[in-house]
Amino acid sequence: MFFGTKRKVFISYHHRGDQLWFDEFTRLFADRFELFYDKSLDGRIRSDDAEYINRTIREEHIVGSSITIVLCGAETWKRKYVDWEIHSTLHHEHALLGIALATATTGDQGKIIVPSRLHDNIQSGYAHWLGGWVDDPETLQTAIETAIQKSLNKSLIRNGREKMGRNLS
């Protein structure tokens, strides 16, 4: 079932670790959704000023989207830029969807480790979670629409964590 609206989707991911997954995601879904991501965070913003980088994320990337999809691979949860992108998404009260990649790390209890800010919002009910890769546009469209519906309840946003100051590895 196609919902008729071509959603503007911001993709957050660990550039070095999950570029192949992003490329496949783009190949599968670029004709169905307006996909974009922050190319500048891959080293093109030459600044140590965290506020400048955060403002760039907010103003040039998150503002034009309706949803952020976080592709969760092995080290996504360790990346400060992913945390900052999620923070900006929540600041703007946009929808949030996490998708587990096959490379995702599992913890002691067998659950996939995701960025802490994403986890907080999955737990609160604000963000939507897909526990595995999707390659079907209809399945992704349904997940996006579910995430957008969940995001209507702004009181569920959990964005109080301090932003990561550095990558964890």
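Positions are given from 1 along the sequence.
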Apply salt bridge (charged side-chain N to carboxylate O under 4.0 Å, His left out) to Arg166 and list each qualifying residue two or more places apart in sequence or on a separate chain. none
Examine the side chains of Gln149 and Glu145 and answer whether a donor and an acceptor come within less than 3.5 Å of each other. no
Distance col, row Arg7:CZ vs Glu34:CD, nearest 0.5 angstrom, shows 12.0 Å
Backbone N/O of Lys150 and side chain of His128: donor-acceptor pair under 3.5 Å: no
Cys72 and side chain to side chain contact (heavy atoms under 4.5 Å, CB included): which single residue from Trp129, Trp21, Trp77 fits? Trp129
Side chain to side chain contact (heavy atoms under 4.5 Å, CB included) with Ser124: which residues, sequence neighbours excluded? Asn121, Tyr126, Leu156, Arg158
Closer than 3.5 angstrom, by distance alone: can the side chain of Ser65 be matched with the main-chain N or O of Lys8 as a donor-acceptor pair? no
Going from CG on Leu96 to CD1 on Ile122, what distance comes out if it is rounded to the nearest 0.5 angstrom? 7.5 Å
Backbone N/O of Pro115 and side chain of Thr76: donor-acceptor pair under 3.5 Å: no
So, taking the atom named CD in Glu75 and the one named NE2 in His14, what distance separates them when rounded to the nearest 0.5 Å? 5.5 Å
Would Leu97 and Leu130 satisfy side chain to side chain contact (heavy atoms under 4.5 Å, CB included), going step by step from the backbone distance to the final call? CA-CA 8 Å; Leu97 171 63; Leu130 286 178; 4.2 Å; yes
Side chain to side chain contact (heavy atoms under 4.5 Å, CB included) evaluation trace for Tyr13 with Gln19: CA-CA 8 Å; Tyr13 67 103; Gln19 187 65 49; 3.0 Å; yes
Going by an N to O cut-off under 4.0 Å, is there a salt bridge joining Glu85 and Arg117? no
